[in-house]
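Pasting in a structure now, in structure tokens, and then I'll have a few things to ask.
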Amino acid sequence: MLPLRRYPPKASLRSVPLLGVAAFALFAAQPAYAQGTPETTAQQGESEGANADLIEALDGEREVDFEADEIRYDEGADTVTAQGDVILEAGDQSVRAERVVWNRMTGEIVAEGSIRFVDADGNQLFTERLVLTDQLEAAAMSNLLLVFREGARLAANEARRNGEGDIALDKAAFSTCSIVNEDGCPKSPSWRVTAERVYYDRETQRIRFRGAYLELFGTRLLPLPGLSIRADGSADSGFFIPEVELTASNGVSISDSFYWRIADNRDLELTGYIYTATAPMVSAKYRQLTEKGAFQITGYGTYGSRLPLTANGQQNGESRNDIRGYLTTNGRFQFNENLSLTGSLRYASDRTFLRRYDISREDRIRSTVALEHIDDNSYLSVAGWATQLLLVNQDQGQVPIALPLIDYRQRIEEPVLGGTVEVQGNTLAITRTDGQDTQRAFARAQWNLRKITSLGQEVSFTALVRGDVYHSAQNDLTTTALYAGTEGWQTRGVAMAAIDIKWPLIGEFMGGTQTITPRVQLVAAPSIRNLAIPNEDARAIDLEDSNLFALNRFPGYDRVEDGARMTYGADWQLNFPGWRISSTIGQSYRLSTEPVLFPDGTGLTERFSDFVGRTEVRYRDFLKLVHRFRLDKDNLAIRRAEVDATLGSDRTYVELGYLRLNRNIDFDFEDLQDREELRVAGRIAFANYWSVFGSAVINLTDAAEDPTNASDGFEALRTRLGIAYADDCLEMGFTWRRDYIELADARSGNSFQLYFSLRNLSFR
């Protein structure tokens, strides 16, 4: 008898040929007899004599890692039996079973009991009995579950696997649904595909079905002849499930799409739409991923009737047949770590096409392109913007096209007087087809220094100088005189200085941590030549918490606040376990007595400004409440009130938004009109995967707030209500929506939609 190496209670033979394992057991008799054999003798026995000849003869065989609690050899039957938590590993394949029997005469390996087989692709097979070849490849199986690496599952009564890894299954069922819920408890799949025969091709990663049917919640719904899908989770060419919808403008609509997987980095989706109340429509979406980035192009087209509109959006004549459509494309390309190109181009054939065919509810669409270079200390952007009006009563010729917009900023690495310096160059060209044209260029340098005193105050110093050059033409076409400026070439110089002091005071309060931060800021600037300069980007001015301490309270570059002012306020924050409450309030006082550019009603026209503030309350991820306000300095009347609140979890929640602007703005300023609006949305989850949801947008503006508004003070703009089911592999639902806005052939009324989606399958 050959001497043996000593082993722990579980036998473990690593990187030994499988045939060698059996031969080893044959010559070794019972491992228990070798517990006292010296280690040196065992090493000698493996390298010399008959055992050495056997290992040399098997040197070319495939290596298999092997573990088992017990190994026995039956000399009469010429079989090797491993029992008790048996593990076989060969390359990327592995088998775990309670018992494995290897027949040395036939080369057949039979695994039994709680089997888990993992193939070279990472797919897992669970069964009670598995027949393997001597190359550790599955051959025949029964009562099995095949789990693909991406999560899909195939269950069958019988199956056979050939040497190439292809599998044929009889009486099989397929699903991408999880078989356990979030708590780890078993659950039945919401859908599955049953078939008489299923074929899995390992090379193409494709699953083909014969005699297939779709079952939903255990009920057989419809046959799926010729069904073929991919097992690796990648997209596959094929038809989607049709969608059905009923709208006031189009009647009943049925749409279906064909998806074409052109290559791994390119695809195309073609969709056809049939309506009972209007002409049919087609659309196409092309997507491509390149080495530098990705882009997509989407187009819609039809030939049907439309109502012509004037430049101001008013109906002009009878309906006529015409080509109608919409084109949109967007993408991003990253040429290197610093240089990128981003773009989004959108164009509609007419003002009502998108709403008529329920593609978008937007009242205007924007196109933009930007080439950007960003590094640690500099930023360069070359961009352009264009806007197309849709449901807006305004002349398209008055809408600006901004091209080019060039902005460059450089931060100086070396400190100057202990502070940082940033320089900026900016140029912009504004063009209108039927309005004022403006070009500008400016250069700016800004110095900032931040210090912390010994008492904990944070003191910031800022100095800014800027020089501007403007040119404008056709200024008389701008309807608001304050925006027009002086025609021709104009120049302007800007200089500003500021000091800002904060003093955080921290302490305990009611078991939490409280921080009170008083803040005061002084800003001074000499008289600035503003009225000669056209105002293109600084029109929508309104005092709020976000710009209270800004150097320039105007939102853009074309208007600059001059004179001297002092701004003061305080921040307060309280933290409890799970809770955070914060608030800000402040006001400014203008030291100079010169007239200001701010329109009446913005809260900045008098020496003392209105009070502005913001309050936020948060409790974990369950509650978030934000309130922004502006109060009249004389009588504390509410001039601005804005509330955004979210309460609940991801599945059950309510959202509330409220906005009221009560500023008494002159009606000549179209950018600053008063309004009042309420937004409500919510979802209630029940029965694990079901939910009901709804939302509404209501215009609360009345004639007292805006005489040009036809609302009676409670005008619904859009409402929605629906019920939905969503789990890890199925989504379906029914939605009712009502639109109250009507323009030309974009009619108001009710819409109903039924949708159905099987996830991770070649259906949408």
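The structure displayed is predicted, hence computed values, not measured ones. Residue numbers count from 1 along this sequence.
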Q) For Glu676, does its backbone N or O pair with a side-chain atom of Thr701 as donor and acceptor, under 3.5 Å? A)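 A pair under 3.5 Å: yes.
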**Q.** Test ring pair (Phe, Tyr, Trp, His ring centres under 6.0 Å) applied to Phe353 and Tyr347, step by step
**A.** CA-CA 11 Å; Phe353 175 78; Tyr347 175 76; over 10 Å; no
Q.
Under a 3.5 Å distance rule, please check whether Thr328 uses its side chain to pair with a backbone N or O of Arg346 as donor and acceptor.
A.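 No, because the side chain of Thr328 does not come within donor-acceptor range (under 3.5 Å) of the backbone of Arg346.
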Solution key, residues 296-307 side-chain donor-acceptor pairs under 3.5 Å, sequence neighbours excluded:
unit_1: Gln296; atom_1: NE2; unit_2: Asn330; atom_2: OD1; d: 3.1
unit_1: Thr302; atom_1: OG1; unit_2: Pro280; atom_2: O; d: 2.5
unit_1: Arg306; atom_1: NH2; unit_2: Asp322; atom_2: OD2; d: 3.4

Q.
Return the CG to CD1 distance between Leu380 and Ile406, rounded to the nearest 0.5 Å.
A.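 Output value for this atom pair is 8.0 Å.
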Q: Please lay out, stage by stage, how Asp727 and Ser190 fare under the test side chain to side chain donor-acceptor pair (under 3.5 Å).
A: CA-CA 8 Å; Asp727 60 20; Ser190 53; 2.8 Å; yes
Q: Considering non-hydrogen atoms only, spot the tightest contact between Glu362 and Ser360 and give its length.
A: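 Result for this residue pair: OE1-OG, 2.8 Å.
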Q | Note, Leu758 side chain near Phe756 side chain (heavy atom, < 4.5 Å) | A |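 Yes. Closest side-chain heavy atoms under 4.5 Å.
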Q: Output, in order, the C-alpha distance, side-chain angles, deciding distance and verdict of side-chain contact (heavy atoms from CB on, under 4.5 Å) for Tyr357 and Tyr326.
A: CA-CA 10 Å; Tyr357 285 91; Tyr326 170 61; over 6 Å; no
Q | Verdict with reasoning, Arg287 to Arg266, per side-chain contact (heavy atoms from CB on, under 4.5 Å) | A | CA-CA 6 Å; Arg287 302 184 301 178; Arg266 293 180 295 150; over 6 Å; no
Q) Rounded to the nearest 0.5 Å, how far apart are CZ of Arg153 and CZ of Phe148? A) 11.5 Å
Q) Any side-chain heavy-atom pair from Arg720 and Phe693 closer than 4.5 angstrom? A)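 Yes; the side chains approach each other to less than 4.5 Å.
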Q) So, Arg192 side chain and Phe174 main chain: donor-acceptor pair closer than 3.5 Å or not? A)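 It does not hold such a pair.
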Q. Going by atom types only, do Thr271 and Ser257 share a side-chain donor-acceptor pair under 3.5 Å?
A.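 The criterion, which ignores hydrogens and geometry beyond distance, is satisfied for Ser257 and Thr271.
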Q | Side-chain heavy atoms of Met281 within contact of Ile274, under 4.5 Å | A |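 They are not in side-chain contact.
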(Q) Counting only heavy atoms from other residues, nucleotides and ligands, does the tally under 6.0 Å from CH2 of Trp385 exceed 12? (A) no
Q. Is the count of non-hydrogen atoms from other residues, nucleotides or ligands lying under 6.0 Å from Leu289 atom CG greater than 12?
A. yes
Q. Could you give the distance from CD1 (Ile698) to CZ (Arg718), rounded to the nearest 0.5 Å?
A.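 Ile698 atom CD1 to Arg718 atom CZ measures 12.0 Å (nearest 0.5 Å).
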Q | Any side-chain heavy-atom pair of Asp166 and Arg161 under 4.5 Å | A | no
Q: Give the minimum heavy-atom separation between Ala645 and Leu625, together with the two atoms involved.
A: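 Result for this residue pair: CB-CD1, 3.7 Å.
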Q: Report the C-alpha separation of Arg683 and Ser691 in whole Å, then their side-chain angles, then the decisive distance to 0.1 Å, and conclude whether the side-chain contact (heavy atoms from CB on, under 4.5 Å) test is met.
A: CA-CA 7 Å; Arg683 180 181 293 270; Ser691 63; 2.7 Å; yes
Q. Do the side chain of Asp119 and the main chain of Gly122 share a donor and acceptor less than 3.5 angstrom apart?
A.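 At least one qualifying donor-acceptor pair exists.
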Q: For Asn265, look at atom CG and say whether over 12 heavy atoms of other residues, nucleotides or ligands are found less than 6.0 Å away.
A: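 Above 12, so yes.
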Q) Given the rule in the side-chain contact (heavy atoms from CB on, under 4.5 Å) test, do Asp395 and Gln398 qualify, once you have shown the distances and angles that lead to the verdict? A) CA-CA 6 Å; Asp395 188 351; Gln398 289 285 339; 4.2 Å; yes
Q: Could you tell me whether a side-chain N or O of Glu655 sits under 3.5 Å from a main-chain N or O of Gly682, the two making a donor and an acceptor?
A: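 Absent.
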Q. Does the ring center of Phe734 lie less than 6.0 Å from the ring center of Tyr755?
A.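 No, the ring of Phe734 stays outside the 6.0 Å limit from the ring of Tyr755, centre to centre.
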(Q) How about CG on Asn336, more than 12 heavy atoms from neighbouring residues, nucleotides or ligands closer than 6.0 Å, or not? (A) yes
Q: Give a yes-or-no answer on whether the side chains of Arg737 and Asn750 include a donor-acceptor pair shorter than 3.5 Å.
A: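 There is no such pair between these side chains.
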Q. What's the shortest heavy-atom distance between Asp256 and Pro242, and which atoms?
A. OD1-N, 3.8 Å
Q.
For the CD1 atom on Ile723, are there more than 12 heavy atoms of other groups (residues, nucleotides or ligands in this structure) within a distance under 6.0 Å?
A. yes
Q | Least distance between heavy atoms, Lys624 atom then Val626 atom | A | CE-CG2, 4.0 Å
Q.
Would you say that more than 12 heavy atoms from the other residues, nucleotides or ligands in this model lie under 6.0 Å from the CG of Asn321, or not?
A.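 Yes, the 6.0 Å shell around CG holds more than 12 heavy atoms from other groups.
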Q) Any side-chain donor paired with an acceptor under 3.5 Å for Arg738 and Ser748? A) no
**Q.** Beyond-backbone contact of Val369 with Leu341, side-chain heavy atoms, under 4.5 angstrom
**A.** yes
Q: Mind running side chain to side chain donor-acceptor pair (under 3.5 Å) on Thr387 and Arg364 for me, showing each step along the way?
A: CA-CA 7 Å; Thr387 301; Arg364 66 197 72 200; over 6 Å; no
**Q.** Any side-chain donor near an acceptor of the partner, Asp267 and Trp260, under 3.5 Å
**A.**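 There is no such pair between these side chains.
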Q: State, to 0.1 Å, how close Gln394 and Leu389 come at their nearest heavy-atom pair, and which atoms those are.
A: O-CD1, 3.5 Å
Q | pair Phe335-Ser340: side-chain heavy atoms closer than 4.5 Å | A | no
Q) Do Gln288 and Tyr286 have side-chain N/O donor and acceptor atoms under 3.5 Å apart? A) yes
Q. Aromatic ring centroids of Tyr725 and Phe217 under 6.0 Å?
A. yes
Q. Are any of the side-chain nitrogens in Lys171 or Glu196 under 4.0 Å away from the carboxylate oxygens of its partner?
A. yes
(Q) I'd like to check Leu146 versus Ile167 (side-chain heavy atoms, cut-off strictly below 4.5 Å). Are they in contact? (A)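 Yes, at least one pair of side-chain atoms sits under 4.5 Å.
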Q | Electrostatic pair Asp350-Arg324, nearest N-O below 4.0 angstrom | A | yes
Sequence neighbours excluded and cut-off under 3.5 Å, please list the side-chain donor-acceptor pairs for residues 203-214, or say none.
unit_1: Gln205; atom_1: NE2; unit_2: Tyr200; atom_2: OH; d: 3.0
unit_1: Gln205; atom_1: NE2; unit_2: Arg202; atom_2: O; d: 2.9
unit_1: Arg206; atom_1: NH1; unit_2: Ser228; atom_2: OG; d: 3.0
unit_1: Arg206; atom_1: NH1; unit_2: Asp236; atom_2: OD2; d: 2.9
unit_1: Arg206; atom_1: NH2; unit_2: Asp236; atom_2: OD1; d: 3.2

Q) Roughly how far, to the nearest 0.5 Å, is the CG atom of Leu405 from the OG atom of Ser381? A)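 Here the rounded value is 6.0 Å.
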Q.
Working to the nearest 0.5 angstrom, can you tell me the gap between Thr352 OG1 and Leu390 CG?
A. 9.0 Å
Q: Please report the shortest heavy-atom distance between Leu270 and Ala284, naming the atom on each side.
A: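 Closest heavy-atom pair between Leu270 and Ala284: CD2-CB, 3.7 Å.
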Q | Inter-residue atom distance Asp650.CG - Asp621.CG, 0.5 Å rounding | A |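 If I round to the nearest 0.5 Å, the distance is 8.0 Å.
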**Q.** Val252 and Tyr275, any side-chain heavy atoms less than 4.5 Å apart
**A.**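 No, their side chains stay 4.5 Å or more apart.
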Q) Any side-chain donor paired with an acceptor under 3.5 Å for Arg261 and Ser237? A)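 Side-chain D/A pair, Arg261 to Ser237: absent.
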